[in-house]
There are 2 protein chains.
Amino acid sequence: MNLKQLAAHLNLSQTTVSRALNGYPEVNAETRARVNEAAQRFNYRPNPHAMRLATGRSHAIGHVLPSDRTLMIDPHFSDFIAGAGEHYSANGFDVLFNVGGPEDERSVYRRYAQSGAVDGVVVMGPRLDDWRIDLLGELELPFIVHGRIGDLEDGYAWLDIDNRGAFQRAAKLLTDLGHRRIALLNGVEIMTFAVHRRQGYEEALSAHGIGIDPAIMSSDQMTEENGYRRTRHLLDLNERPTALLCSSMLFVSGAVRAVHEKGLHVGEDISIIAHDDGLPFLKAEGLSPPLTTLTSSIREAGTRVAQLLLQMIAEPSAPLPAELWSVDLIVRGSTGPAR
Amino acid sequence: MNLKQLAAHLNLSQTTVSRALNGYPEVNAETRARVNEAAQRFNYRPNPHAMRLATGRSHAIGHVLPSDRTLMIDPHFSDFIAGAGEHYSANGFDVLFNVGGPEDERSVYRRYAQSGAVDGVVVMGPRLDDWRIDLLGELELPFIVHGRIGDLEDGYAWLDIDNRGAFQRAAKLLTDLGHRRIALLNGVEIMTFAVHRRQGYEEALSAHGIGIDPAIMSSDQMTEENGYRRTRHLLDLNERPTALLCSSMLFVSGAVRAVHEKGLHVGEDISIIAHDDGLPFLKAEGLSPPLTTLTSSIREAGTRVAQLLLQMIAEPSAPLPAELWSVDLIVRGSTGPAR
DNA sequence: ACAATTGCTCAAAGCGCTTTGGGAAATCAT
DNA sequence: ATGATTTCCCAAAGCGCTTTGAGCAATTGT
């Protein structure tokens, strides 16, 4: 059942039916009711391709994952997209998902812009200096960044969590507990979030007159194995750290394993705080002892980012949104006074 | 630059240009070369919406995730999709990604079928008795299942790994090592893969005259916490198992934690074998001792599934593909003779 | 030599929707 | 009663592509 048939059935023109369905004002209330009723009864749905061709808008959002093969499909990303996806569906938007195949990431964006395949894109995992905003700006493709491009805050839409503040507070909690050797297991520091976290960490230490020691700071992909390897190494050090700040729960699994292997106990011999994005398969509360965390739902961030982007598309002249979410510090059993 | 302009520029009709570009035979080789050259030069790309409207085919594949809120966004799924996505991109197909929002899963499929939004879908995480194949068959929407619907092997396209055989071999390895109390940490047993794994496990035990003891078998969502909780409980049992068969690496993190907490050693006091889907953030080789695993890349499965589906779409009359992949058993350090 | 075939190209008709530019009837103002 | 508005609806033009059905040359067959 298409528009033509529906219109014929109602003895109305396609114009009127289309307008009735799309809520235009210049249609009689009674007629509109009739149209809606009939549409419902025949389960009429406009053909999306025709709609897109006619309007030039695609009702779709693009998410493109880095083509870099070494950069794995991070579970953080999937959870974020899951959150966003829910909001898109709720608003009748499709999600176009692009995992860098042979086509290089730039050309994907170019194609999107040129063909109008999507109405907007979200940029995930922004780097300190990210070519994507320049390209997207040039292409005039609406976009929003989850995170920030270094310390840049203007000229693009973004939603970020206060990584710097969060890690500062976490580190401060540790210094308050008397820790002076606090190790940092960070993500790859070309990513903005990782840099911000290091900055927060360093600020807190400096504020307490504790020197920054690169020997107990690391920057790796966030995997179990790296968590283990780095912690193992840290525990073998002469001046072994008494506390550990982890950028991801993924590190924690490995870190805890290393601690156990050394016959040490989390929360007593060594304090651990991790940033918890709320990954559903790895719960901080479920660990023993329950883990003290910086908590912020990456899934909710996804939902909000989607919402903001859709608003941007609906109202292109509105000022660009920018949101900085604060992060909760939840103290549980993995932190204790320094030995 | 659209077709009309390109045609005008070449002093050709749209028909000819279109045909030249789409490889139809009835166009002069020289003309085709000219067209291709010009298309390249002007970076012409056909408008996908127009193409879709004209052909009725969408050049897109749908992946819809269960709307069930309790069913988390499984990292296994994302890795699978990542694999598939690469193949789609390589062939100019888009991926439509749908995370069950308010719209219920059935209506998503209905909408897909009715509007022609996608040319096909892949069914992930099939249940023992899955309504999706009936619906999709009825809707005449091409689809392929990653896994199988119970023991059904005909009437639909699928690609599965030999879960039953794999777990049989793994259990047999353990019995060969002298283990008689072998626990099973399985996924939720409404999923076909989990049932197959249990069957393989039970067959191996029965073959060795070992009774099936439900007290040391469990069926849960595959999370770290469940792995920990179940293992913890197992180790407290009077007749503590000497070996553990895990359906996912996600369980293993928790299981190992429980073992360590008890002061026991993996590979000595207790043997562990896990199914490893190749999740990039959790490597079996990286554990200590390195884990003996059933190994099968879920990402490669994704790529292959995508390839098969695209073939099905291109050649609808061809027989439905069905592939059963064998699983590698890689013996590492986490398995040893029973104490 | 003429008809039949082949090779290449084109004009025009869709695909199913939105949107423009009217226009007839009903309502209002004077 | 007349002109000016307002209300509601319509025919037709597009959106940018594919595809049908012809048509003109050039080639082939007899």
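Quick note on labels: first sequence line is chain A, next is B, and so on, each numbered from 1.
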Distance-only donor-acceptor pairs under 3.5 Å for side chains of residues 14-27 of chain B, two or more places apart:
unit_1  : atom_1 : unit_2  : atom_2 : d
B/Thr16 : OG1    : B/Ser13 : OG     : 3.1
B/Asn22 : ND2    : B/Ser18 : O      : 3.2

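- The salt bridge (Lys or Arg N to Asp or Glu O under 4.0 Å) contacts involving residues 314-325 of chain B comprise B/Arg304-B/Glu323, where partners must be two or more places apart or lie in separate chains.
- Partners of A/Phe42 by ring pair (Phe, Tyr, Trp, His ring centres under 6.0 Å), not counting sequence neighbours, listed by chain and number: A/His9.
- Applying the side chain to side chain donor-acceptor pair (under 3.5 Å) test to residues at least two apart or on different chains, the pairs with a partner in residues 28-38 of chain A are A/Glu37-A/Arg41.
- With a cutoff of under 4.0 Å to any heavy atom of chain A, the contacted region of DNA chain C is bounded 5' to 3' by C/dG16 to C/dG21.
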Can I get a per-line list of side-chain donor-acceptor pairs under 3.5 Å for residues 112-126 of chain B, giving both atom names and the distance, sequence neighbours left out?
unit_1   : atom_1 : unit_2   : atom_2 : d
B/Gln114 : NE2    : A/Asn43  : O      : 3.1
B/Ser115 : OG     : B/Arg111 : O      : 2.8
B/Ser115 : OG     : B/Ala117 : N      : 3.2
B/Asp119 : OD1    : B/Ser58  : N      : 2.8
B/Asp119 : OD1    : B/Ser58  : OG     : 3.1
B/Asp119 : OD2    : B/Ser58  : N      : 3.3
B/Asp119 : OD2    : B/His59  : N      : 2.7

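- In terms of the side chain to side chain donor-acceptor pair (under 3.5 Å) criterion, residue partners of B/Asp160 (sequence neighbours excluded) are, by chain and number, B/Arg148.
- Each end of the helix from C/dA1-D/dT30 to C/dT30-D/dA1 gets its own axis from five base pairs, and the two axes differ in direction by 40°, given to 10 degrees.
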Open item on the list: Evaluate B/Val145 against B/Ile133 for side-chain contact (heavy atoms from CB on, under 4.5 Å), listing each step before the verdict.
Closed with: CA-CA 9 Å; B/Val145 178; B/Ile133 54 158; 4.1 Å; yes
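- A heavy-atom distance below 4.5 Å is not found between the side chains of B/His63 and A/Phe97.
- Classified by interplanar angle (parallel below 30°, tilted 30° to 60°, perpendicular above 60°), the ring pair A/Phe143/A/Tyr156 is parallel.
- With sequence neighbours excluded, no residue forms a side chain to side chain donor-acceptor pair (under 3.5 Å) with B/His49.
- Among residues at least two apart or in separate chains, side chain to side chain donor-acceptor pair (under 3.5 Å) pairs with a member in residues 132-144 of chain B are B/Asp130-B/Arg132.
- Within residues 48-59 of chain B, the residues that have a heavy atom under 4.0 Å from DNA chain C are, in order of number, B/Leu53, B/Ala54.
- In this structure, the separation between OG1 on A/Thr303 and CZ on A/Phe80 is 8.5 Å, given to the nearest 0.5 Å.
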- [ ] Using a 4.0 Å heavy-atom cut-off, write out nucleotides 4-11 of chain D from 5' to 3' as B (base contacted by protein), S (sugar-phosphate only) or - (no contact).
- [x] ----SBBB
